[in-house]
Visitor: 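Here's a structure for you.
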Amino acid sequence: MVGTSVHHNLHLPQPQEDHHHRKTFDFTSGEQQCISLLKKCKNIQELKQSHCLILKLGLDHNSNSFCTGHLLSTCALSTWGSMDYACLIFQQIDSPDSFEFNTMIRGHIKDMNLDEAVMVYNQMLEVGIQPNNFTYPSILKGCAYLQRLKEGMQFHGHVFKHGFQDDVFVQNSLINMYGKCGEITQSWSVFRQMDDFDKSLATWSAIIAAHASTQMWSECLSLFQELTSKNYWRAEESVLVSVLSSCTNLGALELGRSAHGFLIRNLSGLNVIVETSLLDMYLKCGSLVTGLTFFERMKVKNQWSYSVMISGLAFHGYGTEALRVFSEMLEKGFEPDEVVYVGVLTACSQTGQVEKGLDFFKKMTVDYKIKPTIQHYGCLVNLMGKAGKVKEAFDLIENMPMEANDALWYSLLDACRVHQDLELGEKVAEKLLNLNSQTPDPYVILSNMYAKARKWENVALTRRKMGQTGLMKTPGFSLIQVKRKVYKFVSNDIKWAHCEGLSDMIYQMEWQLKFEGYSPDTSEVLLDTDEDEKRERLSRHSQKLAIAFGLINTSHDSSIRIVRNMRMCKDCHNYTKYISSIFERRIIVRDRNRFHHFEDGNCSCKDYW
DNA sequence: ATAGGGTTAG
């Protein structure tokens, strides 16, 4: 049945007479009109009506016609497209050509249906249609998006077999696919084998994004710096998003700030994705005020921007404000997703609002039908643990619908340490050791707890057990950025000793600290050595090295910003408080969980972290 | 007259 609205727009081809006075139909004009109709289609109903017309006019089997191709691509690739209907059309085509096969593959990938796409690809080979250089980018994109390395590698094989290994688009897709699947060496090998002449902005964008998504942030930044020297480089948002995320993870505020300046100078307006990345960068690099101002000035905000702002406020310790922004987000009509609830629950745990947190959790699962992830349970464990409800937290973990991971048990173990619940602590440490992760860290925490409770026999026993594992404690490191370069300090690393002036500075710092009344707290050093050796070790903790380096290399009016991979030890926390007052510096440290703003001998965490 | 590569959060 042909719909009236469409029917009125189409003039059916009229029979014409040729020079023998025979009546013929001019199909070409019919085709033209069908195509223009297809282009106007706004939904699947209109498309179906146009399809009927094409069938009625017999234009679907005309080998010179583009109608079927148009029809298929409109159906499979438009925003409102339906792959079910596309499959129906596709089945009716007698002998599909490579264009039609490719369209089907791309359609399935758009629906994230890699298996169907692979089936179409195999069918294509079976009927003897050669894949072309349009085939592989689509299918590799699907492998990338779904992180299906196995299939990705198979198709890399096909690329070679069919001789497309030198096609630039295929190479870019391969770089992206390997990057998304975490195989950075493979991405790099494709990139390296490419001719410099062939590399485009998209190629660089792919390799830079690949480094960012495999957490190789420093390498990502150096690649970006290399890119900016190329003549086809232009200010462009997408590359900067990867760059900004690297700055965020490295805590490289200065670099991030100059990227921001660069964007403002070169582009008239920024899209919401880049602005959200900038917001995240400012917040996670410790500039809460800049981030907040930036957020308020953003003209376009989406749920992601809100989500970033909410978790930003939460891990800076402003739980109440985070919840206020959350209610603003709901008022504006943005649907909360599972990610924003991680921020909301963190906010509750920072402010110690156990009941409120549990309420939010209930609302999330019941009202919004969001399936809780292990991160949400992690927030709840944090929430209960901080409030001293360690037994309840333990029960919660035991009754979760999924397996607990080590982060969850560590969070609880830490709560047990803070609240000195030795009995439960032992149980939790047991759980952690059963997880068989290659670290003696549970022993370390347990031993600290015994030491605090003055149970020296248990301390000795735990240390002996730890020694038997032969494992080394996870190395702690601190990052600091000076003059657009990020420096990494690893605890007890001897490399720093060669750094000019650092030993002198550390000596000077210790001298002044002693004068002000600081004494080293060796209770968390777990070595069976004498007190001197312990003090020596303590003084070479990565954060202290980084602070010394910062004091030497940054101006007196600037803050020192440090990013750590682990929690601070008690001594480093105390030490940093003293330094902030002696040297009159703001020191901002980001640890695994939150920010510590040190100023005038105090810390924003109020010594509870 | 139909098709392809690179883009953010815990």
Side-chain angles (χ1 to χ4, degrees), chain A residues 28 31-36 38-39 64-78 97-107 109-110 131-141 144 164 167-177 179-180 187 190-191 198-210 212-213 227 236-246 248-249 270-281 283-284 302-312 314-315 337-346 373-376 378-379 407 593:
Chain A
T28 325
E31 275 174 28
Q32 297 273 349
Q33 291 178 48
C34 279
I35 290 165
S36 74
L38 284 171
K39 280 187 177 166
N64 293 323
S65 160
F66 287 95
C67 282
T68 322
H70 269 287
L71 185 69
L72 206 58
S73 58
T74 314
C75 189
L77 306 177
S78 60
D97 59 10
S98 61
F99 166 77
E100 285 149 351
F101 274 113
N102 284 343
T103 305
M104 289 303 287
I105 290 174
R106 198 163 137 61
I109 295 296
K110 208 188 94 226
N132 58 22
N133 53 343
F134 283 64
T135 314
Y136 294 106
S138 332
I139 211 152
L140 288 170
K141 191 178 187 173
F164 291 110
D167 184 279
V168 186
F169 282 1
V170 173
Q171 287 168 323
N172 292 343
S173 310
L174 281 168
I175 294 172
N176 179 39
M177 183 275 292
K180 290 284 181 323
S187 285
V190 176
F191 182 79
D198 285 340
K199 287 174 186 159
S200 65
L201 191 51
T203 314
W204 282 90
S205 182
I207 194 73
I208 286 171
S213 63
L227 167 63
E236 195 242 10
E237 290 162 318
S238 68
V239 176
L240 263 300
V241 171
S242 301
V243 171
L244 283 170
S245 98
S246 297
T248 305
N249 284 293
L270 304 179
N271 66 31
V272 64
I273 299 175
V274 196
E275 289 204 325
T276 306
S277 300
L278 279 166
L279 177 65
D280 196 37
M281 185 275 292
L283 293 173
K284 292 231 180 78
N302 59 17
Q303 66 196 62
W304 275 329
S305 332
Y306 274 99
S307 179
V308 166
M309 190 67 237
I310 290 163
S311 58
F315 57 61
D337 65 358
E338 75 264 23
V339 178
V340 78
Y341 267 108
V342 173
V344 169
L345 294 175
T346 309
T373 66
I374 197 145
Q375 277 92 349
H376 296 113
C379 293
N593 297 322

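Residue numbering restarts at 1 for every chain, and letters A, B, ... go by the order of the sequence lines.
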Visitor: Measuring from the side chain of A/Phe99 (C-beta onward, heavy atoms only), which nucleotide among B/dT2, B/dT7, B/dG4 has the closest atom?
Guide: B/dT2
Visitor: Heavy atoms under 4.0 Å, any strand shown: does A/Val339 hit a base, just sugar-phosphate, or nothing?
Guide: base
Visitor: Indicate whether the side chain of A/Asn102 and that of A/Thr135 have a donor and an acceptor atom separated by less than 3.5 Å.
Guide: yes
Visitor: Can you tell me if A/Asn172 touches the phosphate of B/dG6, counting only side-chain N or O atoms and a distance under 4.0 Å to OP1 or OP2?
Guide: no
Visitor: Separation of A/Leu278 atom CG from B/dT7 atom C1', in whole Å?
Guide: 14 Å
Visitor: B/dG6 base to A/Ser200 side chain: any donor-acceptor pair below 3.5 Å?
Guide: no
Visitor: Nearest whole angstrom, please: distance from the C1' of B/dG4 to the CE of A/Met177.
Guide: 16 Å
Visitor: Which listed nucleotide (B/dG5, B/dA1, B/dT7) is nearest to the side chain of A/Thr203?
Guide: B/dG5
Visitor: Please check if the side chain of A/Ser187 supplies one atom and the backbone of A/Ile175 the other of a donor-acceptor pair under 3.5 Å.
Guide: yes
Visitor: What heavy-atom pair brings A/Asn172 and A/Ala206 nearest, and what distance separates the two atoms?
Guide: O-CB, 4.0 Å
Visitor: NZ of A/Lys110 versus P of B/dA3: gap in Å, rounded?
Guide: 13 Å
Visitor: What is the nucleic acid contact for A/Glu275, judged by heavy atoms within less than 4.0 Å: base, sugar-phosphate only, or nothing?
Guide: nothing
Visitor: Are the side chain of A/Gln171 and the backbone N or O of A/Val190 linked by a donor-acceptor pair below 3.5 Å?
Guide: no
Visitor: Within the pair A/Lys141 and B/dG6, is there a side-chain N or O less than 4.0 Å away from OP1 or OP2?
Guide: yes
Visitor: For A/Leu77 and B/dA1, what is the distance between atoms CG and P respectively, to the nearest whole Å?
Guide: 19 Å
Visitor: Check A/Val170 against A/Leu140 and note the closest heavy-atom contact, atom names and distance.
Guide: O-CD1, 4.2 Å
Visitor: Rounded off to whole Å, could you give me the CZ-to-C1' distance for the A/Phe164 and B/dA3 pair?
Guide: 14 Å
Visitor: Grab the CG-C1' distance between A/Asp198 and B/dG5 for me, whole Å please.
Guide: 13 Å
Visitor: A/Lys180 near the nucleic acid: base, sugar-phosphate alone, or nothing, with a heavy-atom cut-off under 4.0 Å?
Guide: sugar-phosphate
Visitor: Angle class for the A/Trp204/A/Phe191 ring planes (parallel below 30°, perpendicular above 60°, tilted otherwise)?
Guide: perpendicular
Visitor: Would a distance-only check, ignoring hydrogens and angles, find a side-chain to backbone donor-acceptor pair under 3.5 Å from A/Lys110 to A/Ser78?
Guide: yes
Visitor: Please identify each residue that fulfils side-chain contact (heavy atoms from CB on, under 4.5 Å) with A/Thr103, with sequence neighbours left out.
Guide: A/Leu72, A/Ser73, A/Ala76, A/Leu77, A/Phe99
Visitor: Please give, in whole Å, the distance from B/dG6 C1' to A/Ile208 CD1?
Guide: 10 Å
Visitor: Please pick, from B/dG4, B/dG6, B/dT7, the nucleotide with the shortest atom-to-atom distance to any side-chain atom of A/Val241.
Guide: B/dT7
Visitor: Near DNA chain B, which residues from residues 131-140 of chain A have a heavy atom under 4.0 Å away?
Guide: A/Asn132, A/Asn133, A/Phe134, A/Pro137
Visitor: Nearest-Å distance, CG (A/Asn271) to P (B/dT7)?
Guide: 14 Å
Visitor: Look at all strands and tell whether A/Asp337 reaches a base, only sugar-phosphate, or nothing, counting heavy atoms closer than 4.0 Å.
Guide: base
Visitor: Closer than 4.0 Å, any side-chain N/O of A/Asn102 to the OP1 or OP2 of B/dT2?
Guide: no
Visitor: So what does A/Ser307 hit on the nucleic acid, given a heavy-atom distance under 4.0 Å: a base, only sugar-phosphate, or nothing?
Guide: base
